[in-house]
Each structure stands twice: as C-alpha cells, then as structure tokens.
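Notes follow once the structure below has been shown.
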Amino acid sequence: MDLSGKMVKQVKILSDGIVFYEIFRYRLYVISEMSPVNIQGVDLLEGNWGIVGSVIFFKYTIDGKEKTAKDIVEAIDEETKSVTFKIVEGDLMELYKTFIIIVQVDTKGEHNSVTWTFHYEKLKEDVEEPNTLMDFCVEITKDIETYHQK
C-alpha cells in the first residue's frame, strides 16, 4: 500500500494577500501574537527570516496537546508567493517519514486566498490523514485575518 499522500485546502481571505505572504516569508515570529491559542512560539534557530535554508522551531497546541516542530525553509517562490517548509524534527516525525507544508498566497485583485498543501509519507498504514493539522492551519489563517481586520 502507498503511504504517500497529498492534502490541499484553500481559504479565501478578505485581507491584503501581500500582508499574508510577508508574514509567512519574513515575519513568522508574529504569528504567536495573532494566534496565541494555537501558536505559543516561533524561534529562528539558524539562518535569517525569509531565507531558504533557515531553521525555525515552532511550539503549538492542537486539540489541547502541546507539540513542537523543527522546520527548514526549503523553498521560496516570489512569483507564486509561496513558502515551502520541510519538517525535520518534532511530533509529526513520530507519525510521518516526511512532511512538507507549502503555504501559497494568491493575490488576484480583491479575491485573495491562502492555499495550504501537505505532501507526506506515513510511517505505517494505520496513521490517520493529517486532517486535524489542516484544520489547525485554516484556523491560523482565520486568526491572522481577524487580527488584521481590527
């Protein structure tokens, strides 16, 4: 059985898409202020904000459980306004052999959206699909938008 998977979810936003892209590329550390229930900390371990190869450590809570993730910024695409993160350590690595998260911001006039894409390979067949994590990412997107509409 194939243990690889892909999951995609698009979230329409009313806020300026460029602001979202800049947060995900250059200012991840502010997400804990915008979504404090979900994200408790974002720390730069190596490199610089907004640079491929940088290592970022996340402290977050899903379903009342505190979790961590150590990510490497694997790619940044200015043209498509996307940032790719490869998880290399943390709770997800207990379930998945590989886990990559791509966040892309579409800025077409007044119709902006944030698209979350997961590429993953489960360690075992009985590992659930990462639906809870996708819901978490959607919730963070909504929290960021709410913060910017204040």
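Here the structure is a predicted model, which means the values were calculated and not measured. Values reported hereafter were calculated over all heavy atoms of this structure, with side chains retained and with hydrogens, waters and symmetry mates removed. Index from 1, following the sequence.
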Qualifying salt bridge (Lys or Arg N to Asp or Glu O under 4.0 Å) pairs with a residue from residues 48-65, counting only residues at least two apart or across chains: none

Spatial distance of atom OH (Tyr60) from atom CG (Asn38) [nearest 0.5 Å]: 11.5 Å

Glu128, CD atom: more than 12 neighbouring heavy atoms under 6.0 Å: no

Val105-Ile100 co-clustered via ILVMFWY side chain contacts under 4.5 Å: no

Ile144 side chain reached by Phe24 side chain, heavy atoms, under 4.5 Å: yes

Over all atoms of both residues, closest heavy-atom pair of Glu74 and Val52: O-CG1, 3.5 Å

Distance, nearest 0.5 Å, that separates CE of Met134 from NZ of Lys9: 8.0 Å

Verdict with supporting geometry, Thr61 and Val37, side-chain contact (heavy atoms from CB on, under 4.5 Å): CA-CA 7 Å; Thr61 302; Val37 171; over 6 Å; no

Derivation of the side-chain contact (heavy atoms from CB on, under 4.5 Å) call for Thr117 and Gln104: CA-CA 8 Å; Thr117 304; Gln104 178 184 7; over 6 Å; no

Residues that Lys81 engages under salt bridge (Lys or Arg N to Asp or Glu O under 4.0 Å), provided they are two or more places apart: none

Closest contact, heavy atoms only, Ser32 versus Gly41: CB-N, 4.1 Å

Residue pairs, two or more places apart or on separate chains, that pass salt bridge (Lys or Arg N to Asp or Glu O under 4.0 Å) and touch residues 84-98: Lys70-Glu89

same_hphob_cluster(Ile31, Tyr26) at 4.5 Å side-chain heavy-atom cutoff: no

Nearest-0.5 Å distance, CG of residue Leu44 to CD1 of residue Ile56: 6.0 Å

Non-neighbouring partners of Asp143 that pass salt bridge (Lys or Arg N to Asp or Glu O under 4.0 Å), sequence neighbours left out: none

Salt bridge (Lys or Arg N to Asp or Glu O under 4.0 Å) partners for Lys67, two or more places apart: none

Heavy-atom closest contact (Ile87 atom, Leu92 atom, distance): CG1-CD1, 4.2 Å

Passing option when Phe118 is tested against Tyr96, Phe99, Phe85 for ring pair (Phe, Tyr, Trp, His ring centres under 6.0 Å): Phe99

Glu145: side chain to side chain donor-acceptor pair (under 3.5 Å) partners, not counting sequence neighbours: Ser15

Non-neighbouring partners of Glu129 that pass side chain to side chain donor-acceptor pair (under 3.5 Å), sequence neighbours left out: Tyr120, Lys122

Check: Phe136 ring centroid to Trp116 ring centroid under 6.0 Å: no

Joint hydrophobic cluster, Val73 plus Ile102, side-chain heavy atoms closer than 4.5 Å: no

Pairing residues for Thr107 by the side chain to side chain donor-acceptor pair (under 3.5 Å) criterion, not counting sequence neighbours: none

Short side-chain to backbone donor-acceptor contact, Asn48 and Ile51, under 3.5 Å: no

No-hydrogen, no-angle side-chain donor-acceptor test under 3.5 Å, Glu139 and Ser35: no

Verdict with reasoning, Met34 to Ile23, per side-chain contact (heavy atoms from CB on, under 4.5 Å): CA-CA 11 Å; Met34 299 174 188; Ile23 288 169; 3.7 Å; yes

Common cluster, Val11/Leu14, ILVMFWY with side-chain heavy-atom separation under 4.5 Å: no

Residue pairs, two or more places apart or on separate chains, that pass salt bridge (Lys or Arg N to Asp or Glu O under 4.0 Å) and touch residues 29-56: none

CD1 on Ile39 to CD1 on Ile140, rounded to 0.5 Å: 3.5 Å

Joint cluster assignment, Val30 & Leu28, ILVMFWY side-chain distance < 4.5 Å: yes

Members besides Ile72 in its Ile/Leu/Val/Met/Phe/Trp/Tyr cluster (side-chain heavy atoms under 4.5 Å): Leu45, Val55, Phe57, Val88

Value rounded to 0.5 Å, distance of CG in Leu3 from CG in Asp126: 10.0 Å

Main-chain N/O of Ser113 paired with Gln10 side-chain donor or acceptor, under 3.5 Å: no

Partners passing side chain to side chain donor-acceptor pair (under 3.5 Å) against Tyr21 (at least two apart in sequence or in another chain): Glu78

Interatomic spacing from CD1 in Ile101 to CG in Asp71 - rounded to 0.5 Å: 6.5 Å

Any residue meeting salt bridge (Lys or Arg N to Asp or Glu O under 4.0 Å) with Glu22, in chain and number order, not counting sequence neighbours: none

